[in-house]
Amino acid sequence: MSTITALTPITAPSAPAVTNTSRTATAGAAPVSGAASSTVVRLGEQGEASSRALVWENRTHSTSATLMARNMGNDELSTRLSGLGSELLKQVAYDGADFSQSVQQLPAGAASDTYALQVSPAKISQHGLGDNQISLSITTTSGIKVDLKLDASDGSIAVEAHSSGKLNEVERKALGKLSEAFQKSIDGLTENPPRIDLAGLTQFDSNVLAAVDLKGQIKIDAKDTQRLEFHADSIGRSLSFSGPAGVANIAVDLSKPASWGSKEQQAGALEHYLQQVDQAATRGQGRGAIIGMFKQGFSALNSDYGSRPVAQQAIALNQQDHALTTGLADFNASFAQTEEFPNPARSTEKDSFAYELAQKTSISGGSQLNRSISQEQSSHLKARYHAPIKADAILALDLSPNSQNYNYVTIDDAASSATEIAYNKGVLAKATLDMQASQSTRTLRYSLGKLQDDHTTPLGKHSTRDLLATLEPERTGRDPLSASEQAQMLATLHQQILLQQNPDALSASPLPERLRTGR
């Protein structure tokens, strides 16, 4: 692998050279204490910033340090941290050794021969001081914890890796497999607007690694900071983030793999939930990056659960049971858009958007033959927004009465879908589907700043279905279903048990004609 050769002290006119030996050099690699151990190099890149000298924390050299020197010439944060997370994790996986390095640009016009001698390595160190900080913690099943930290500011970069114990070969390989996923998470978080890219960090070997934790705070501008926390282990995944666009929280429960459906079923259910988010955003006029970030995070935590063995004593679900459940792991998810106050004439009126989505499954019973399965899906939307009275008009609210012609809309919607299945001595004893959806739209209409109308439109539907005769038509004297008809019926029922936020969607014909009436 590549290493950075010895950094030339004080008067070096060019950037460090690169040789092909090992990932971390052994000769002269140990940090040197005292002020004189500070090292100054000059980069031969184009531009005034990149031509300024760099002061290093120590003389420990590696491919990570090479990237740090190269990236110091980049103004954008996304490129300042380019490749560093991946390389640092690969370095730990390759060497299994701790590493610490930071680099700082000399102020413009500073004399390097005096500056370097006046600053000690401890003061040069930028660890924990950057406006932008990202950390990754990985815990192995043997109990060893590996911590990686990256800091970046306008004039500095710092990286650090520490392991609480000696890693074996299998553990180091498992860490190395996460290097690209770590870099993708950094690249997404440092984009503007930020993007959530965490799917790769969920795909670790749970036989070797016990947990993965990612934390980040990225300075967006002078007043706004994007924050993120992610955790994944064998029993769950969680994600929370906040920033100028809003806040979000997602938690996925992986403790009941018996309830998971096939990969195809999971993908279909995930797509359906994302469509519900889009429908809610349209109805509540949600906007901004928060909606896209929530969908990215929700997809990442639910896109692939890996292969988790079901405990031998656990109750198993058959094809019919899976058809009446979503196939996804249980979750709680919510996000809220940052509130805005666009009407200076009425400071109490706000534009807001908050959405909650959840699923809970219960599997019980004394045995496989006497099992019960229940699952509830739910959603709740609360939103407020200003809208022009005419759809093609442009809303431009200010203090003048002529601008105060608008509708102020309040949305409050709720929906749920609940299925219950029970078996008695192996015979289907209960199968029900209960669905509800309600929408409330309150519209305040203003003309020249005066309230002209206050109107609330409620809409709601409730559907309860007993599915016993549908699943087993012979109970009511009809012909039993053929194999193809049963497959069609289960596929249709699966689509109909999925959450529907629009009350009108509950009026759909429940089954094809043949399956409703029989021969």
Side-chain angles (χ1 to χ4, degrees), residues 76-78 131-132 184-199 216-230 238-251 270-271 273-302 331-344 346-358 379-388 391-398 406-413 439 441-443 501:
E76 296 293 332
L77 175 62
S78 58
D131 293 327
N132 309 286
K184 286 183 178 180
S185 70
I186 295 173
D187 294 342
L189 191 58
T190 54
E191 284 185 8
N192 188 17
R195 176 174 49 83
I196 306 298
D197 192 343
L198 297 171
Q217 62 175 50
I218 303 298
K219 188 175 181 181
I220 304 296
D221 52 38
K223 64 176 183 177
D224 293 316
T225 299
Q226 183 71 40
R227 291 181 170 84
L228 177 145
E229 289 193 19
F230 164 78
S238 62
L239 169 66
S240 63
F241 57 85
S242 63
V247 300
N249 291 279
I250 306 169
L270 175 58
E271 180 60 28
Y273 276 129
L274 295 178
Q275 290 172 0
Q276 298 297 297
V277 175
D278 287 337
Q279 290 177 17
T282 298
R283 174 158 164 76
Q285 296 211 0
R287 54 187 179 273
I290 187 65
I291 297 171
M293 293 172 69
F294 174 81
K295 291 172 63 179
Q296 292 160 2
F298 188 75
S299 297
L301 269 60
N302 285 285
F331 61 84
N332 280 285
S334 64
F335 70 96
Q337 181 179 297
T338 298
E339 295 180 347
E340 298 177 352
F341 297 86
N343 189 0
R346 293 184 180 274
S347 59
T348 59
E349 291 180 351
K350 62 183 178 181
D351 284 4
S352 62
F353 183 96
Y355 184 70
E356 299 175 359
L357 193 62
S379 68
H380 190 191
L381 166 65
K382 298 190 74 173
R384 296 171 183 263
Y385 61 87
H386 294 76
D392 57 347
I394 297 176
L395 200 63
L397 300 170
D398 56 37
Y406 64 94
N407 290 332
Y408 184 55
V409 183
T410 300
I411 301 291
D412 192 347
D413 297 351
Q439 294 181 339
T441 307
R442 182 187 180 190
T443 303
Q501 297 167 155

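One finds the OH atom of Tyr385 at 4.5 Å from the CD1 atom of Ile411 (value rounded to the nearest 0.5 Å). The line from CG of Asn249 to OG of Ser238 is 9.0 Å long, rounded to the nearest 0.5 Å. Atom CD1 of Ile218 sits about 11.5 Å away from atom CD of Glu191, to the nearest 0.5 Å.
Closest non-hydrogen pair, Ser379 versus Leu357, comes out as CB-CD1, 3.8 Å. What you find for Thr338 and Gly243 is that their closest heavy atoms are OG1-O, 3.9 Å. Minimum interatomic distance between Ile291 and Ala281 (heavy atoms only, all atoms of both residues): CD1-CB, 3.6 Å. Pairing each heavy atom of Gln285 with each of Phe353, the nearest pair is C-CD1, 4.5 Å. Between Ala248 and Phe335, the closest heavy-atom pair is CB-CB, 3.7 Å. Residues Leu397 and Pro342 come closest through the heavy atom pair CB-O, 3.8 Å.
Side-chain contact between Leu381 and Gln501: absent, with no pair of heavy atoms (C-beta onward) separated by less than 4.5 Å. Between Ile220 and Pro194 the shortest side-chain heavy-atom distance falls below 4.5 Å. The closest side-chain heavy-atom distance from Arg287 to Glu340 is below 4.5 Å. Tyr355 has its side chain out of reach of Asp413: every pair of non-hydrogen atoms, C-beta onward, lies at least 4.5 Å apart. Using a 4.5 Å heavy-atom cutoff, the side chains of His380 and Asp412 are in contact. Phe241 places none of its side-chain heavy atoms less than 4.5 Å from the side chain of Leu189.
Panel note: side chain Gln217, backbone Thr225; no donor-acceptor pair is recorded below 3.5 Å. Looking at Thr190, its side chain does come within 3.5 Å of a backbone N or O of Asp187 through a donor-acceptor pair. One N or O on the side chain of Gln226 and one on the backbone of Ser242 form a donor-acceptor pair closer than 3.5 Å. Although no hydrogens or angles enter the test, the distance criterion places a donor-acceptor pair under 3.5 Å between the side chain of Asn132 and the main chain of Lys219. Side-chain atoms of Gln296 never come within 3.5 Å of backbone atoms of Asp197 as a donor-acceptor pair (strictly under, hydrogens ignored).
The residues Lys295 and Asp278 are annotated as salt-bridged, a charged nitrogen and a carboxylate oxygen being separated by less than 4.0 angstrom.
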Should Tyr406 and Asn343 be marked as a side-chain contact (heavy atoms from CB on, under 4.5 Å) after you check the CA-CA gap, both sets of side-chain angles, and the distance that decides it?
-> CA-CA 10 Å; Tyr406 64 94; Asn343 189 0; 3.1 Å; yes
Step-by-step side-chain contact (heavy atoms from CB on, under 4.5 Å) determination, Leu228 to Ile196 = CA-CA 9 Å; Leu228 177 145; Ile196 306 298; 3.6 Å; yes
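Counting heavy atoms of neighbouring residues, nucleotides and ligands inside a 6.0 Å radius, atom CZ of Arg442 does not exceed 12 of them.
Taking the side-chain hydrogen bond (donor to acceptor under 3.5 Å, both in side chains) definition, one finds that Gln439 meets it with nothing, sequence neighbours left out. Taking Ala333 as the reference, Ile250, Phe294, Phe298, Phe331 meet the side chain to side chain contact (heavy atoms under 4.5 Å, CB included) condition, with sequence neighbours excluded. Residues satisfying the side chain to side chain contact (heavy atoms under 4.5 Å, CB included) test with Arg384, not counting sequence neighbours, are Lys350, Ser352, Tyr408, Thr410.
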